[in-house]
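Sequence lines set the chain letters: A, B, ... in the order given, protein chains first and strands last, and positions in each chain run from 1.
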Amino acid sequence: MKAQQDQLVIYNSLKGEKEPFVPMVEGKVGMYVCGPTLYSEPHMGNMRTFINFDLIYRYLLHLGFSVKYVRNVTDAGHITNSAGQEVDSIGVAAKAEQLQSLEIVYKYAVKFQELQRVYNMLPPSIEPTATQHIQEQIEIIEQIITNGYAYEVNGSVYFDTRRYMQDYNYGILSGRKVDELENETRTLNAQDEKRFFADFALWKKANPDDMQIWRSPWGNGNPGWHIECTAMSTKYLGKQFDIHGGGMDLKFPHHEDEIAQSCGSFGCNPARYWMHANMLNVNGQKMSKSFGNYFLPKQILDGTTGLFEKSYSANVVRFFMMQAHYRSNLDFTQEALNASEKGYARLIEGFKTLENLPTTTSSFDVAALIGSFYKAMNDDFNAPILVANLFEAVKQINLVKDGNASISADDKTELKAAMEIFIHEVLGLAPENTATETRLAPVMDLVLDLRQQARTNKDWTTSDQIRDGLAKAGIVVKDGKEGTTWS
RNA sequence: GGUCUCAUGGCCGAGCGGCUAGGCACCGGUCUGCAAAACCGUCUACAGCAGUUCGAAUCUGCUUGAGACCUCCA
């Protein structure tokens, strides 16, 4: 397994190129991913990022790394809105739903947990929340002030971007130049307290109508949005760790500001590899709350998205996502979803077929095939190539089944183990739930037995009546070469 | 307005200078009482125009189109 670790290459957003992955401590990986803000239910686009990092987490685990995967939950913090004002989005949601802030957070945390389970995502090593780490945030802010990169104004604390730029490169991740930014910024409202337009809030003085407030050396207030990630990643992974991930849309300003905060307090970039997952598109445009073109993960499971005429299983949705690279945009369309549904069924069917294959000698290179699975994933987690290679395996399996190819017993065992690993463990496609089928099986055996009797007697009327009746109940009967099956 | 990214066959998507993924759909075939399913085969695309090269979907320039970020967003 060590050899496979050595070959892993990751695209580092910080450098804009792929580079060999070398963890700080051999065999161990520290990974931080920006999680959801719990002021509403996560939509499908949000899920794509988490599913992609779940894939990355799973593959790192499979390679034998000891991974500490930290994904935060934002349950407090003031963000900057379009008017340039600091806003507590959770408090706003709480007022709208006439609940307390923590009720809002809890409500959506429960839903998010449920979604993780449904989409077969491995739980992170820890899911810290911002409210549990106010003290740590305050301490880092104090350190930044001590280092001279932040200043207090009227109970609020701002990051001093101009001062910072004298010592560090603000824009190292996003490639932005601050002097250009100034001219580009469309409006500059409500920024009287800031010394410079690019300064951002580390701590914001409490408003009279804030639902959550905390004590600080600067008076009662709220942490800024960016500081929580710095506090939590530092606490659980150290001042510098291996991988920092998140959605592409967090690159600027969120991740840029995280780097500034870490450099401003500890003097180093928090992560050596920055990874950014791309967006999910609907009709060619990014799925987003503000565009209103979003649907919820549960809606696609029960067919109520209003966009597609049918429902799809979580495995199909996940498989669909795995057919696109995490750094590419992905378009959700009816036709593509249908394609994935059939392709997924074919893959699983092929894997099942492998089990009952006769063995002689191998007519194809099984070791090379398995090697291609690793090669794909080692190349910056290229899941679509992995899927293509899995289909190559399915093709060979079917050839063997039809007697047009052969496989040795040892190769069969190896291939079965490898496919099991890559389909279930790495891609995270959950084994199908057969609970209902086990109850139904004896009944179906009886029904199909009766139908077979009718068929033997050439009583097509009865035979077809049974088939049509079952079809209405959602059970499809297939008359194969070696008997009748159903699903 | 600024910065950046991307344009691949009917659809979704890999590809990162030569060996022209993969899935689905279509079409043809095998099987079958019929049907469905399954399996096999087929289909050869890289927005346009120039250029670099022995050779370009892949590199360069221009044109056109789309998107992201600059505000909260995964």
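If you check every strand for non-hydrogen atoms under 4.0 Å, K458(A) touches nothing. Across all strands, M279(A) comes closer than 4.0 Å to base atoms (heavy-atom distances). In this structure, F112(A) reaches neither bases nor backbone, as no heavy-atom distance under 4.0 Å exists between it and the strands shown. Within the nucleic acid shown, G45(A) comes within 4.0 Å of at least one base atom, counting heavy atoms only. Residue-level contact check: R455(A) touches the bases, meaning some heavy atom is under 4.0 Å from a base atom. Here Q285(A) lies in heavy-atom contact (under 4.0 Å) with sugar-phosphate atoms only.
Residue-nucleotide stacking is not present for F391(A) and G23(B), judged by a side-chain ring centre under 5.5 Å from the six-membered base ring centre and planes under 30° apart.
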| query | For nucleotides 6-15 of chain B, read 5' to 3', which letter fits each nucleotide if B means a protein heavy atom sits under 4.0 Å from the base, S means only the sugar-phosphate is that close, and - means neither? | reply | ----BSSSSS

| remark: Under a 4.0 Å heavy-atom criterion, the protein footprint on nucleotides 41-47 of chain B, written with B, S and -, is S------

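Judged by Watson-Crick or G-U wobble contacts below 3.5 Å, the nucleotide C39(B) has G29(B) as its partner.
Rounded to whole angstrom, the span from the CD atom of E256(A) across to the C1' atom of C69(B) amounts to 12 Å. In this entry the distance linking CZ of R176(A) with P of C69(B) reads 10 Å, nearest Å.
Close to C24(B), at under 4.0 Å from its OP1 or OP2, lies no side-chain N or O of N338(A).
Sorted by first and then second residue, the salt bridge (Lys or Arg N to Asp or Glu O under 4.0 Å) pairs involving residues 109-122 of chain A (not counting sequence neighbours) are E41(A)-K111(A), E114(A)-R117(A).
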